[in-house]
Protein chains: 2
Amino acid sequence: MTKREYGQFCGLARAVEIVGERWALLIIRDLFVGPRRYTDLRRGLPRIPTNILSARLKELEATGVVSRRVLPRPDGSIVYELTEYGNQLEPVVLGLGRWGAKSLGEPRPDEIVTPASLIMAMRTTFHREAADGLTIGYEIRVGDIVLHVRIDNGSLKVAEGALPNADLVIETEPALGALMAREITPAEAVDGGIVTLTGDPALLDTFVDLFSI
Amino acid sequence: MTKREYGQFCGLARAVEIVGERWALLIIRDLFVGPRRYTDLRRGLPRIPTNILSARLKELEATGVVSRRVLPRPDGSIVYELTEYGNQLEPVVLGLGRWGAKSLGEPRPDEIVTPASLIMAMRTTFHREAADGLTIGYEIRVGDIVLHVRIDNGSLKVAEGALPNADLVIETEPALGALMAREITPAEAVDGGIVTLTGDPALLDTFVDLFSI
DNA sequence: CTGGATCCCTCACGATACTG
DNA sequence: CAGTATCGTGAGGGATCCAG
């Protein structure tokens, strides 16, 4: 067999031949957060078999989506990162994530939230218009994941790690989604104990404006 | 096992659980052209095994992407169509198609062009701005595929079938891509015999403006 | 420790034949 | 026309092992 092709001269067919294999888009999602080492990828995708991760990285490298780079000494470790071509997938990945989020429902018993998925969720739901002229620092904690979210004059920066001087620290559960979907109000979320705040509570309303679905 | 899940509470993960299975997005691409019967889908996807088509349709129906409808008598046949939720995939599908088109290269020996892929290609590459105030009818022939393309005051309508009173009939090969990528000029395409025109040749320049990559 | 390679097993997929 | 039935194969799942 000719290696899993669709036999159609079509952009969409070619795209799914490249990034449509199982796990490929989740690897790419993690790489959108930044360059990652093999082990970082495994940590972010706990259920991926190591041979599959290895195979996907090779394929994505061969198709020009991902590049493999050896860090300069003394570190000398290997990182994978998106190429320019791979980066062009951003609107598609965000769009797919937004579409799929509508079918999320409640977390299934064995479903986890990873730092990369949370970071992409923040980027997906961010409303640039609502951020105009704002400068705020949030720290988000979901389980043992800690993110810092900085709104800097309308632009968004999200990354892993704490934010020491955050204006507001939001501690919550995966049900954060209900808040962002405006199914409940910020006040209800606080009263119901779904979120715990440290800092200026008024900034939670701003948060919902910035990241609502 | 729990039926091919990724174990992540993440919009992107859910999306690929729903439409990431093999062949699913190509089925959806064909349904974007309009409701289709089982046999229509098979014709548009010659390499799909019939049991897989059957399985995908069931899955997509269960996840609310596709709906199955029995046509009123006396026809009584069955058509599949996208639900409202399925239709919301349009920007993603077009975006993926545009991204994948950059890796198309030359058609492989066994690759075919289908009506649906051509129609989606036209929609993908259409520039609304370039169509402002225009009203033109094109007929496109690629192999034995015949499409009609109507620009109606800036809006685009593409469908299968001839256009009797077309302002310009363009007959070409799959290498049409080279023209749309502006790798060659319209004049070169005509001189080189890549396209054959019937009607007002000046409208080929307009065509390239409307559908270039 | 990181960055994989190797083994085995299973099930989703592929090809084809057949049916209401 | 609209699928179901059957059966073989190989990609993916899971565990383990290994080199630098």
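Every chain is numbered from 1, with letters handed out A, B, ... down the list of sequences. Fair warning: this is a prediction, and the values are worked out from it, not measured in the lab.
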Under 4.0 angstrom between [X] side-chain N/O and [N] OP1 or OP2:
X     : N      : answer
A:K58 : C:dG3  : no
A:R42 : C:dT2  : no
A:Y80 : C:dG4  : yes
B:R37 : D:dG3  : no
A:W23 : D:dA11 : no
A:S54 : C:dA5  : yes
A:Y38 : C:dA5  : no
A:T39 : C:dG3  : yes

So which heavy atom on [X] is nearest to which on [Y], and how close?
X      : Y      : value
A:G100 : B:Y85  : CA-OH, 4.0 Å
A:S117 : A:V113 : OG-CG1, 3.8 Å
A:P186 : A:L204 : CB-CD2, 3.8 Å
A:E5   : B:R22  : O-NH2, 3.5 Å

Can you tell me the distance, in whole Å, between the [atom1] atom of [X] and the [atom2] atom of [N]?
X     : N      : atom1 : atom2 : answer
B:N51 : D:dT6  : CG    : P     : 13 Å
B:I52 : C:dT16 : CD1   : C1'   : 13 Å
A:E21 : D:dG10 : CD    : P     : 15 Å
A:E61 : C:dG3  : CD    : P     : 14 Å
A:L45 : C:dG4  : CG    : P     : 16 Å
A:L53 : D:dG13 : CG    : C1'   : 14 Å
A:R47 : D:dG13 : CZ    : C1'   : 11 Å
B:R4  : D:dG13 : CZ    : C1'   : 8 Å

Determine the contact category for [X]: base if any of its heavy atoms lies under 4.0 Å from a base atom, sugar-phosphate if only primed atoms, P, OP1 or OP2 are that close, otherwise nothing.
X     : value
A:S77 : sugar-phosphate
A:R68 : sugar-phosphate
A:R56 : sugar-phosphate

To the nearest 0.5 angstrom, please state how far the CG atom of A:L89 sits from the CH2 atom of B:W99.
4.5 Å
Starting at CZ of A:R150, measure out to OG1 of A:T135 and round the result to the nearest 0.5 Å.
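So the CZ of A:R150 and the OG1 of A:T135 are separated by 8.5 Å.
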What bend angle does the helix from C:dC1-D:dG20 to C:dG20-D:dC1 show across its length, from five-pair end axes and to the nearest 10 degrees?
30°
Using 30° and 60° as the class limits, which term best fits the ring planes of A:Y80 and A:Y38: parallel, tilted or perpendicular?
tilted
Which of parallel (below 30°), tilted (30 to 60°) and perpendicular (above 60°) describes B:Y6 and A:W23?
perpendicular
